[in-house]
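Order of listing sets the numbers, starting from 1, for every ligand and every atom in it. Not measured: the values here are computed from a predicted model.
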Amino acid sequence: MLNIILFGPPGAGKGTQSAKLIEKYNLIHLSTGDVFRYNIKNETDLGVLARSYIDKGELVPDEVTNDMVKDFIIRNVNEQGFIFDGYPRTIAQGEALDRMLTEHNTTVTMMVALEVDEDELVKRLIERGKTSGRADDQNEDTIRNRFKVYQEETAPVAVFYSDQEKYRGVHGMGSVDEIFERLTHAIDSRSEE
Ligand code: B4P
């Protein structure tokens, strides 16, 4: 299986690039953010819980997120591979993902990380907030809190995969197509090794 973690801070373009990557590599897309938003929209118990964290710019607790990912992997384990978009976001999630994949005799192939300046990120999120209806994009304090949480809890996940020699950073500024080309180059050069 080709299992790729698409990593980066809020607004880095993970969702945008995932949509293109799944088509090119025929992979299954798991965006934990999308699954939470679907549950929020449908007012499920998971949605009510997730909303109480997301609207403040906090992370949904690891146990809840990991159980959701576990179910998703079980349902799709016969596919060619996964793009994990926005997951793992903590070291505990990274460790859980490694365990879940090992149970299915597979592993994380690589992490590709979109590297984008914070000023550009804030600009993109505020712009998206004008049309997305997402409460977490509308308030600058919430956006700043998401960056703080990213630095404290999520950035260390890059080190976790770097230590396993699976990390590749990709410049995430420029047009969507330019960035896509950089990502595919990083992925293709890794799978040819
Ligand atoms: P996510 O849904 O993962 O979203 P994100 O980080 O805000 O955005 P992404 O990087 O996907 O950006 P996008 O392509 O849309 O997370 C939302 C929340 O859910 C989290 O804060 C957290 O609370 C919760 N959550 C999710 N996963 C979790 C987990 N594993 N554990 C715990 N909690 C979790 O791009 C952003 C904008 O930029 C778009 O408007 C896009 O059009 C624009 N854009 C993209 N590429 C561009 C480019 N090249 N140039 C200019 N604009 C660009």
Side-chain angles (χ1 to χ4, degrees), residues 4-22 29-41 46-73 82-97 100 111-158 160 170-183:
I4 295 175
I5 297 172
L6 187 57
F7 190 74
K14 301 181 293 287
T16 305
Q17 296 295 337
S18 289
K20 294 169 74 71
L21 289 170
I22 50 167
H29 182 207
L30 173 59
S31 159
T32 41
D34 284 352
V35 179
F36 289 136
R37 281 186 289 278
Y38 174 84
N39 279 276
I40 290 171
K41 195 167 151 230
L46 174 62
V48 172
L49 178 84
R51 180 175 206 152
S52 65
Y53 294 94
I54 292 176
D55 282 2
K56 288 184 285 188
E58 304 286 340
L59 295 179
V60 179
D62 287 336
E63 208 181 272
V64 176
T65 309
N66 289 337
D67 284 350
M68 188 175 89
V69 173
K70 190 173 181 177
D71 283 352
F72 187 89
I73 290 177
F82 294 98
I83 294 268
F84 295 102
D85 159 7
Y87 180 89
R89 262 177 155 95
T90 64
I91 296 280
Q93 292 183 12
E95 290 170 345
L97 177 63
M100 289 179 223
M111 165 182 273
V112 274
L114 292 167
E115 297 169 346
V116 183
D117 295 348
E118 188 164 323
D119 286 350
E120 166 76 10
L121 294 170
V122 175
K123 213 168 73 189
R124 288 184 190 178
L125 292 175
I126 287 177
E127 197 52 42
R128 182 172 68 184
K130 290 179 189 165
T131 54
S132 67
R134 281 177 54 170
D136 59 343
D137 284 345
Q138 315 228 344
N139 174 322
E140 194 162 337
D141 287 345
T142 308
I143 292 175
R144 296 277 170 210
N145 191 40
R146 287 163 68 191
F147 289 124
K148 185 169 163 274
V149 170
Y150 175 80
Q151 286 307 336
E152 288 172 1
E153 299 186 48
T154 304
V157 183
F160 180 75
V170 168
H171 183 50
M173 312 232 325
S175 73
V176 169
D177 287 342
E178 281 165 352
I179 298 163
F180 180 64
E181 194 159 328
R182 288 176 210 140
L183 285 171

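- Exactly one residue among Ile54, Val48, Asp55 makes a side chain to side chain contact (heavy atoms under 4.5 Å, CB included) with Arg51. That residue is Asp55.
- At least one heavy atom of Gly11 sits closer than 4.0 Å to an atom of ligand 1.
- At a heavy-atom distance under 4.0 Å, only side-chain atoms of Phe36, from C-beta outward, approach ligand 1.
- Considering backbone and side-chain N/O of Tyr87, none are found under 3.5 Å from N/O of ligand 1.
- Nearest protein neighbour of atom 21 (O) of ligand 1, counting heavy atoms only, is Arg146 NE, 3.8 Å.
- For atom 23 (O) of ligand 1, the nearest non-hydrogen atom from the set Gln17, Lys123, Glu58 belongs to Glu58.
- At least one heavy atom of Gly174 lies less than 4.0 angstrom from ligand 1.
- In this structure, Arg134 counts as a contact residue of ligand 1, since one of its heavy atoms falls inside 4.0 Å of the ligand.
- Not one N or O of Ile179 is nearer than 3.5 Å to an N or O of ligand 1, by distance alone.
- Closest to atom 15 (O) of ligand 1 among all protein heavy atoms lies Arg128 NH1, 2.4 Å.
- In this structure, atom 16 (O) of ligand 1 lies nearest to the protein heavy atom Arg89 NH2, 3.2 Å.
- Arg124 CD, 3.3 Å is the protein heavy atom nearest to atom 38 (O) of ligand 1.
- In this structure, Met173 does not count as a contact residue of ligand 1, since none of its heavy atoms falls inside 4.0 Å of the ligand.
- Looking at Glu127 against ligand 1, nothing comes within 4.0 Å, counting heavy atoms.
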